[in-house]
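The structure appears below as C-alpha cells.
Chain A is the first sequence line, chain B the second, and so forth, proteins listed ahead of strands; every chain is numbered from 1.
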There are 2 protein chains.
Amino acid sequence: MLPDTSLQNHLDISHIRSSCASCSLRELCLPVGLNEHEIQVLGDVVSHKRKIQRGGYLHRAGAKFQSLFAIRSGFLKTCVLEQDGRQQVTGFHMTGELLGLDAISTDTHTCDAVALEDSEVCEIPFAKLEEISRIIPSLMRHFHKMMSREIVRDHGVMLLLGSMKAEERLATFLLNLSRRFLVRGYSESDFNLRMTREEIGSYLGLKLETVSRAFSKLQDENIITVDNKHIRINDIARLRMKMGNSSCIT
Amino acid sequence: MLPDTSLQNHLDISHIRSSCASCSLRELCLPVGLNEHEIQVLGDVVSHKRKIQRGGYLHRAGAKFQSLFAIRSGFLKTCVLEQDGRQQVTGFHMTGELLGLDAISTDTHTCDAVALEDSEVCEIPFAKLEEISRIIPSLMRHFHKMMSREIVRDHGVMLLLGSMKAEERLATFLLNLSRRFLVRGYSESDFNLRMTREEIGSYLGLKLETVSRAFSKLQDENIITVDNKHIRINDIARLRMKMGNSSCIT
DNA sequence: TGTCGTGATTGATCTGGATCAAAACTGACA
DNA sequence: TGTCAGTTTTGATCCAGATCAATCACGACA
C-alpha cells in the first residue's frame, strides 16, 4: 500500500517556531567531540523541533527526504508496510538516535516512522548537514561513524534472524534494550516496553504467540519477571547465557 | 526494498571519460558525476590495487580499518562468525561494489571478506577519501548515498529473513542476482553461482538441504533449470510471482 | 458502572523446514 | 586413470514455531 499524497503535510514544519536555539544539542548524538563554536554552527542548522504524539507518524515510506531526525525524547519504531497490511518492524529507536539514514540513497523515505509514545525530535536538514560537515571534519567523521554503526546494527539483526532460536532472539532483544536504557541513565533491569508483543514479533521474525510463550518461559525459569509491558530482569547473567555467546545487536 | 535497488544509477558511469591513474576508475562505483579534474584527484587516492585468490581473505573481523575496497573484478562474500561457530553470510559482492563500510564505526572490521573467485580490488584509504570529499561535494554526496544504500539493502534482507518462506527467499535471491548480472552486461537469465548451497543457505537463513530442495522445486515447475552451479531462468515472470508480495521490490 | 475493543496468555494441533542419513556427483591431484 | 574430499541431491523423520481457538486483563468511554 503506497502512502497517499497528503502525507507531505507530515513533513511540513514551516509552522513550527523553535524556541530553543540549539534544541538541547548536547543531548543529541551529533555534537560529540565538537568545540563551543562548532556546536554553535551546528545549532543553527538543528533549529526545528517537532513533537509527535503516540501513534503519530514522523514520516511515511515514499515521502520526499529532506531531513534527518535526531530523537530528543520518546520512543519510535520504523517499519515497512506490506500490501496485505502486515508490517515488518525494522527497528526501535530512542533518545539520541538518528532517523532517516535509509532515505539518503534515493531522496525518499523507505519506511514509516511511528511514535510509540509521545516523542520529540530535532529536524536536521540534510543538505545543510553535508554543507557544514565540510567545514567541521570531526562532525563529518562522526556522521560517517553513525551511518556505519547502523550498518553494523543491521548485520547483527540479520545474524539474529538468520540463525537464532526464538528464546535466543528474545533474550538478545531484552539485553539490547537493557543496555540502551542503562546508557541513558535508566535502570538496566527494570523497565517498561513501549511496543506490543506483535511489534516485538515482527522485529524478531516471530509470531506474537511465540513471543508471549518465550516471555513466559523466561519467567518460569526466574530469569525475568513479566507483568504485561513491565519487565524486570532478575538474573542478567543467565539471560546472557540464553542469548548464546554472541555480541550481535549493538 | 530488495537489496541493490538502484544499482542501475549506481553503475551508470558511461558518461565518464578519463584515463585514470592505475585502477580503471571508470569501472568503480565512486566517480559518478565527477568532472575530469575531480576524477584525477580521486585517482591519486585510489592508486593501490590488490588481488585476492579464490578462498583468500580481503580482510578479517577484528582487523584494523584503514581503507574501503572497491571491487574491480571477481566475487566476494562477507560474513560474521560467532565464537560457537555460528556463521552468517551478510552479503555477496561483485564488481563496482564497495566493501568495508561497516568498519568505519569502530575503526575495526566487523566481518570477514572472502573471495569466492579470483578477485581484484582497489584500496581506498578512508582518511584520504574523507579529506577529498570535503573538496568535492558531489563525491561526498555520492559516498553518503552508497552508505545509505547499504542500509536499505540490509533492511531488505531483514524483511526477507523475518517474513518470507524458503521458496520466496530463493526466488528473491535469484532475481536479485539476475538484475545485478544484467546491469553489468551479463545475461540476466543464464549465469553461474559462485557460492555453495551452504553459503546461500546462510545468507537466506536456511539449511543447505532446504536450499537444494527449493532449487529442485523451481526446476520441477520449469521456472528455472539447475545444473549444479549453473542456473538458467526460464520464466522470470513466474519467478517474480514466487517472490510473493511485491511491495518489497523496487 | 457496564460495555467494548485491544492486547496478552495459554492450550491444541499442524506443518515447513531442520535434522539425520545415504547416495551420487564434481573436480583437484597423484 | 583412480582416489578422495567436498558438494549436491533426495528420502525419512522430527520438532520448533505457526496457526487456530478460547479466555483473560485492562483501559477508554458512554
Side-chain angles (χ1 to χ4, degrees), chain A residues 53-55 77 84-89 114 116-118 160-174 192-221 224-232 242 244, chain B residues 53-55 77 84-89 114 116-118 160-174 192-221 224-232 242 244:
Chain A
Q53 284 195 323
R54 177 172 145 80
K77 69 172 177 180
D84 54 14
R86 284 180 312 161
Q87 68 177 20
Q88 168 81 20
V89 173
V114 182
L116 296 181
E117 63 180 29
D118 292 354
L160 175 141
L161 292 171
S163 68
M164 287 189 182
K165 297 196 175 306
E167 204 176 286
E168 296 171 329
R169 295 184 196 194
L170 187 64
T172 304
F173 172 72
L174 289 174
N192 284 294
L193 302 174
R194 282 107 223 260
M195 72 295 283
T196 67
R197 301 289 191 262
E198 186 168 27
E199 287 163 336
I200 295 171
S202 174
Y203 182 61
L204 298 178
L206 303 168
K207 292 294 159 188
L208 70 92
E209 296 95 328
T210 304
V211 173
S212 181
R213 275 182 244 271
F215 270 124
S216 299
K217 176 107 185 300
L218 289 174
Q219 180 166 240
D220 289 347
E221 300 179 62
I224 63 174
T225 303
V226 184
D227 178 16
N228 215 343
K229 289 218 164 48
H230 179 256
I231 303 292
R232 197 171 64 240
K242 285 285 176 188
Chain B
Q53 284 195 323
R54 177 164 146 60
K77 69 170 177 180
D84 55 7
R86 195 150 42 182
Q87 186 190 59
Q88 172 83 21
V89 173
V114 182
L116 296 181
E117 63 181 29
D118 292 354
L160 175 142
L161 292 171
S163 68
M164 287 189 183
K165 296 196 175 303
E167 205 176 282
E168 296 172 330
R169 295 184 197 194
L170 188 64
T172 304
F173 172 71
L174 288 175
N192 284 293
L193 302 173
R194 282 91 240 256
M195 71 295 282
T196 67
R197 302 289 190 263
E198 186 168 27
E199 287 162 337
I200 295 172
S202 173
Y203 183 60
L204 298 179
L206 302 169
K207 291 295 158 188
L208 69 93
E209 296 95 327
T210 305
V211 173
S212 180
R213 275 183 244 270
F215 270 124
S216 299
K217 176 107 183 300
L218 290 174
Q219 179 165 241
D220 290 347
E221 300 179 62
I224 64 174
T225 303
V226 184
D227 178 16
N228 213 343
K229 290 216 161 52
H230 179 257
I231 303 292
R232 196 171 65 239
K242 284 287 176 187

Distance in Å, K77(A) NZ paired with T196(A) OG1, rounded so as to fall on 0.5 Å steps: 7.0 Å
Close side-chain approach of L116(B) to R54(B), heavy-atom, < 4.5 Å: no
Pairwise 5' ranking along DNA chain D for E167(A) and E209(A), keeping only the more 5' one: E167(A)
Any I224(A) side-chain heavy atom under 4.5 Å of K242(A) side chain: no
Phosphate contact (dG17(C) OP1 or OP2) by K165(B) side-chain N/O below 4.0 Å: no
Whole angstrom value for the distance that separates P of dC24(D) from CG of D227(A): 18 Å
Rounded interatomic separation in angstrom, taking CG from L193(B) and P from dT9(D): 10 Å
Test: K217(A) and E221(A) ion pair at under 4.0 Å: yes
Phosphate-side-chain proximity, K229(B) and dT8(D), N/O vs OP1/OP2 below 4.0 Å: yes
For atom NZ of K207(B) and atom P of dA12(D), their distance in whole Å: 22 Å
Sugar-phosphate only, base, or nothing, as touched by G201(B) at under 4.0 Å among non-hydrogen atoms: nothing
Options dA8(C), dG17(D), dT7(D), nucleotide nearest the side-chain atoms of N228(A): dA8(C)
Value in whole Å for how far the P atom of dT9(D) lies from CD of E198(B): 14 Å
Nucleotide of dA8(C), dA12(D), dA18(D) approaching R213(B) most closely (side-chain heavy atoms): dA12(D)
Integer-rounded Å distance: dT9(D) P and H230(B) NE2: 14 Å
For atom CG of L206(A) and atom C1' of dA18(D), their distance in whole Å: 10 Å
Donor-acceptor contact present, side-chain R194(B) to main-chain N192(B), <3.5 Å: yes
Phosphate contact (dT9(C) OP1 or OP2) by R197(A) side-chain N/O below 4.0 Å: yes
Residue-phosphate contact under 4.0 Å: T210(A) side-chain N/O, dA16(D) OP1/OP2: no
Length of the CZ-C1' vector between F215(A) and dT10(C), whole Å: 16 Å
Short side-chain N/O contact from S212(B) to OP1 or OP2 of dT9(D), under 4.0 Å: yes
Rounded distance (Å) that lies between atom P of dT7(D) and atom CG of L116(B): 11 Å
